[in-house]
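In each ligand, atom 1 is the first atom listed, and ligand 1 is the first ligand listed. Along the sequence shown, residues are numbered consecutively beginning with 1.
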Amino acid sequence: MPTTEQEVTTSLDLAAIRAQFPSFAETVNGHPAAYLDGPGGTQVPQRVIDAISDYLKHANANTCGAYLTSRRTNETIAAARVAMADFFGCDSDEVAFGFNMTSLTYAMSRAIGRELKPGDEVVVTLLDHDANFSPWMALEERGVTVRRVAFRPADCTLDMEDLASKINNRTRLVAVGYASNAVGTINPVKKIVHMAHAVGALAYVDAVHYAPHGPIDVRDLDCDFLVCSSYKFFGPHMGVLYGKREHLTRLQPYKLRANTNESPARWEWGTLNHECIAGITACVDYIAEVGRGLKPSVNSRRAAILAAYEEFVRYERALCERLLHGLRGLAGVKVYGITDPARMAERCPTIALRAPGHTPLELATKLGDRGFFTWDGNYYALNLTEQLDVEKDGGFLRIGLFHYDTVEEVDRLLAALREILAA
Ligand SMILES: Cc1ncc(COP(=O)(O)O)c(C=O)c1O
């Protein structure tokens, strides 16, 4: 069905937002850099860079010492827990930091696995990133049966009937992604959590891809765990875990004897990356500041974060629709996932495509030479690329849009793709 080109407006002050990101000054062969690689990691505003270097200048120490910089380090970690609690909508003792989502998920799968026995079942999906798949598959070593939920190839949405058929009274955990990092699909997570709880199973949500695109409310979702990575929402390279207090205190982590048994620190091994933890507070504050600019009447950081996301969602949907409209005009380009303009609420602005005559790597290279940073391959959404039979020849080209991207970048990208495909 032909659609008209989407006119895109936003109440975000994009000039002021973009001025905060030093990396946006980058150029490639005389072209301005366009960061469409955010699903692999977003750019950071100056305040994140400052927070990291300020920590190293003024607070650099290990924790729990009887002196100034060590106390400052404890305060830095405590402040970041409060910031992430505002981000998730939970209490600060329900927040744990780790190297990344993958290592946090392995830690949690091992701890949960301690309580499982042969015959117990865990449900995973084929739409998920491998980091929410392999750590649960590892439980097969303990005799646990892992059930895999299919997705519908036509629009890359989860097959909810298949999901329902795989949950039963032996199910102990359902692991699901909030959104697909390859094709952008947003899953009905609240409903899935409810389905898990109906049989007494835990619900583990991978919100890594969703976190920069939509507001998270763990109380509303009622999930037992939710993980994300701050480098995907304008912060440093770290992972963050939310866990319901009752689980974080009851479950037994594999940990050093010397490590505290207090929750949530019992889930954090060895010396943490304190400077990056300082950066996490700064990236949450960045989002909140955008929200305050949009809605000066907000009276808490949580409300400011939600105000920012309200506009991120609206603006990103419009940008996504414009890109999809433009791609429809490029002969032979196939977009995987939801493309119907009426269904933009069911997806993030993360587009996976293939084009005739070019491998995804060739496209990414040619775009990269023109200053467009995109990804090619499977981005660890390995089950998806295998099922769609694109793994053998390069996966997809992935274009990720974020609130800091502009209509002009989308239009320039379309023009560059048109030129590359015509050559
Ligand atoms: C949806 C999703 N889940 C999990 C991960 C793994 O995150 P991390 O690199 O923090 O381990 C990624 C990384 O790209 C992702 O996109």
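- Note: Tyr35 and Phe21 fail the aromatic proximity criterion, with ring centroids not under 6.0 Å apart.
- Cation-pi contact between Arg354 and Tyr336: absent, since separation from the ring centre below 6.0 Å together with deviation from the ring axis within 45° is not met.
- The heavy atom nearest to atom 16 (O) of ligand 1, out of those in Val227, Asn100, Asp128, Asn181, is found in Asn181.
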As a quick check of understanding, evaluate side chain to side chain donor-acceptor pair (under 3.5 Å) for His209 and Ser180, giving each step before the final call. CA-CA 7 Å; His209 189 68; Ser180 158; over 6 Å; no
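- Here is the list of ligand 1 atoms found below 4.0 Å of a heavy atom in Ser229: 7 (O), 8 (P), 10 (O).
- The protein heavy-atom contact nearest to atom 13 (C) of ligand 1 is Lys232 NZ, 3.1 Å.
- Residue contacts with ligand 1 for Val208 involve side-chain atoms from C-beta outward but no N, CA, C or O (heavy atoms, distance under 4.0 Å).
- The shortest N/O to N/O separation between His209 and ligand 1 does not fall below 3.5 Å.
- When only interatomic distances are considered, the shortest N/O to N/O separation between Ser103 and ligand 1 does not fall below 3.5 Å.
- When only non-hydrogen protein atoms are considered, atom 15 (C) of ligand 1 lies nearest to His129 CD2, 3.2 Å.
- No cation-pi contact links Arg18 to Tyr404, judged by a cut-off of 6.0 Å to the six-membered ring centre and 45° from its axis.
- Both the backbone and the side chain of Met101 come within 4.0 Å of ligand 1, judged by heavy-atom distances.
- Nearest protein heavy-atom neighbour of atom 11 (O) of ligand 1: Thr102 OG1, 2.5 Å.
- Atom CZ in Arg317 sits 13.0 Å away from atom CZ in Arg343 (nearest 0.5 Å).
- Checked by atom type, the side-chain pair His197/Asp224 shows a donor-acceptor distance below 3.5 Å.
- Looking only at protein heavy atoms, the nearest one to atom 8 (P) of ligand 1 is Tyr231 OH, 3.5 Å.
- For the 3.5 Å distance criterion, the side chains of Tyr55 and Thr73 qualify, holding a donor opposite an acceptor.
- Distance from atom 4 (C) of ligand 1 to its nearest protein heavy atom, with residue and atom name: Asp206 OD2, 3.4 Å.
- The side-chain hydrogen bond (donor to acceptor under 3.5 Å, both in side chains) with Glu115 is formed by just one residue from the set Arg172, Arg250, Gln252; it is Arg250.
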